[in-house]
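Below is one structure, written out as structure tokens; the observations come after it.
Per chain, numbering begins at 1; letters A, B, ... match sequence-line order.
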Protein chains: 2
Amino acid sequence: MRERKKRATREALQSAALRLALERGPDNVRVEEIAQAAGVSPRTYNNYFASREQAIVAGVAADRAVTVTAAVLARPTGVSLGDTVVDAVVGLYTDPGDHPPAALLMIAASPALRACYVDAVTTIEEPLAEALTARCPGLDRLTAQVLAAAVGAAVRVALRQWLHGTNEVPAMAGFVVPSRPLPDLVRAALAPLTPALDAATPRPAATP
Amino acid sequence: MRERKKRATREALQSAALRLALERGPDNVRVEEIAQAAGVSPRTYNNYFASREQAIVAGVAADRAVTVTAAVLARPTGVSLGDTVVDAVVGLYTDPGDHPPAALLMIAASPALRACYVDAVTTIEEPLAEALTARCPGLDRLTAQVLAAAVGAAVRVALRQWLHGTNEVPAMAGFVVPSRPLPDLVRAALAPLTPALDAATPRPAATP
DNA sequence: ACGCAAAATTGCGCGCACGCAAAATTATGC
DNA sequence: GCATAATTTTGCGTGCGCGCAATTTTGCGT
């Protein structure tokens with residue numbers, strides 16, 4: 001009963017922050033305005049989110065978390081773990097979720113938002129680890145956490161590489177490397193991890 | 001010539017911050033005091049370090065970075081990449097560097113310092129990636145970065161697991177899991193990544 | 001030695017994150 | 001219904017991170 005209102009104000013703050021940031025740009029929105037738009041005190045805002053950017057990013061991050069876990073669990077058990085995870089994660093960046101693509105653009109443009117989004121990727125690691133254990137019953141808890149964290153790290157590397165290419169536009173026009181599309185980069189970054197993912201599935205007696 | 005003084009003030013700030021934090025505890029030291037101890041303005045402090053904790057952690061982190069890279073490069077080329085990296089990283093937590101062990105204890109105790117130290121682990125990833133490419137000439141740049149980031153992620157997981165066990169002491173005395181010693185945890189966390197590390201070494205024709 | 005351009009340091013101001021305690025809101029006992 | 005206990009919200013004060021512009025310091029050319 002009381003939980004409902006907490007989630008309500010939470011989502012109100014998230015949507016308000018995202019909307020205002022899209023309208024005026026991320027740097028031209030003060031915390032007081034977000035709080036006022038959600039009908040709460042500025043102090044209350046910091047009871048829900050530890051930073052100004054977190055409210056903007058939290059929504060899309062949580063959305064992505066459920067999407068990956070669902071994608072992992074949806075794959076048939078016949079496919080290898082590596083392909084399963086790679087496809088699930090790459091799917092995150094081919095099919096944009098129910099959020100406007102402008103949001104991702106804005107996050108990519110602002111350094112502060114990028115950093116916060118990278119931090120948010122860490123949030124996804126825990127549900128991912130649970131999804132991994134759910135799919136492979138014999139998997140160690142520690143192993144699952146490590147693999148999930150490794151996947152998150154690979155995504156971070158891919159994002160960094162992608163941004164490196166897209167932002168170097170102003171000077172030396174025509175000399176920029178437009179950087180491979182994001183899904184390809186994510187797939188390439190995830191590729192080196194497939195041996196570890198496949199080796200983790202507890203089936204050592206099936207190969208010979 | 002001017003570089004020298006910059007590094008001098010840098011190290012002065014680092015050592016002053018570490019010393020003061022060890023003396024009074026991390027929460028009882030203000031930025032102004034660190035700056036004053038180093039003979040600079042408080043504003044100048046923030047030209048070198050973006051946060052108060054960063055100065056405390058930066059020293060040990062940089063130290064560790066050179067230690068790992070050296071350890072990786074020191075292994076004979078005959079050993080597999082997986083064993084090389086695992087031994088090098090585990091060595092970081094068996095042999096304490098030239099810093100007092102009380103520093104690591106303090107970092108482990110303060111949540112803010114822990115978070116900053118985890119961030120600092122990210123700093124080590126880039127030199128590690130360079131060491132990997134130096135050891136395996138045919139290695140892709142992206143692959144090296146991904147593997148280094150994965151190793152960093154595994155270390156993060158190990159640290160989190162370790163702290164989980166050591167802090168749950170007050171209630172239910174006698175029921176705590178004292179948590180395996182850190183080196184063992186790090187080795188266990190790194191184990192799932194060895195297939196990926198070994199597979200990355202470009203020697204696909206040697207196995208048959 | 002002198003002056004000049006480049007770089008570093010400093011002071012100032014703003015916005016933000018957060019601990020703390022008071023006030024308001026909600027759930028629970030009779 | 002009302003009193004009471006438990007949460008949640010809020011105001012306030014403090015320290016901090018950082019952009020900006022003025023000031024000082026450094027290195028170089030002549």
**Q.** G-U wobble or Watson-Crick pairing nucleotide for C/dG11 (cut-off 3.5 Å, both distances)
**A.** D/dC20
Q: Starting at atom CG of B/Asp119, determine the distance to atom P of D/dG17, rounded to an integer number of angstrom.
A: 13 Å
**Q.** Atom-to-atom span, CG of B/Asp27 to P of D/dT14 - whole angstrom
**A.** 18 Å
Q: Counting Watson-Crick and G-U wobble pairs only, both distances under 3.5 Å, name the nucleotide matched with D/dT7, or none.
A: C/dA24
Q. Taking only side-chain nitrogens and oxygens of A/Ser41, does any of them come within less than 4.0 Å of OP1 or OP2 of D/dG11?
A. yes
Q: Using whole Å, report how far CG of B/Asn28 lies from C1' of D/dG15.
A: 13 Å
Q. What string of B, S and - do you get for nucleotides 18-26 of chain D, 5' to 3', if B is base contact, S is sugar-phosphate-only contact and - is no contact with any protein heavy atom under 4.0 Å?
A. BBB-----S
**Q.** 4.5 Å side-chain heavy-atom contact, A/Leu182 and A/Leu159
**A.** yes
Q.
I need the CG-P distance between B/Leu13 and C/dA8, as an integer number of Å.
A. 15 Å
Q. Pick the nucleotide of DNA chain D nearest each of B/Glu3 and B/Val29; which residue has the one closer to the 5' end?
A. B/Val29
(Q) Between C1' on D/dC12 and CD on A/Glu32, what's the gap in Å once rounded to a whole number? (A) 15 Å
Q) So which nucleotide does D/dC28 pair with, by the Watson-Crick or G-U wobble rule with both distances under 3.5 Å? A) C/dG3
Q: Specify the closest pair of heavy atoms between A/Ser15 and A/Ala12, including all atoms of both residues, with the distance to one decimal.
A: OG-O, 3.1 Å
**Q.** Nearest-Å distance for atom pair OH/C1', residues A/Tyr48 and C/dC18
**A.** 16 Å
Q. Is there a side-chain contact between B/Val155 and B/Tyr93 (heavy atoms, below 4.5 Å)?
A. yes
Q) Between A/Glu11 and A/Arg7, is the closest basic N to carboxylate O distance under 4.0 Å? A) no
Q. Atom CG of A/Asn47 and atom C1' of C/dC18: how far apart are they, to the nearest Å?
A. 9 Å
**Q.** Separation of atom CD in A/Gln36 from atom P in C/dG15, rounded to whole Å
**A.** 15 Å
**Q.** A/Thr69 (side chain) donor-acceptor with A/Ala65 (main chain) under 3.5 angstrom
**A.** yes
Q. With a 4.5 Å limit on heavy-atom distance, are the side chains of B/Glu125 and B/Thr122 in contact?
A. yes
Q: Could you tell me whether the side chain of A/Tyr45 and the main chain of A/Arg52 form a donor-acceptor pair under 3.5 Å?
A: yes
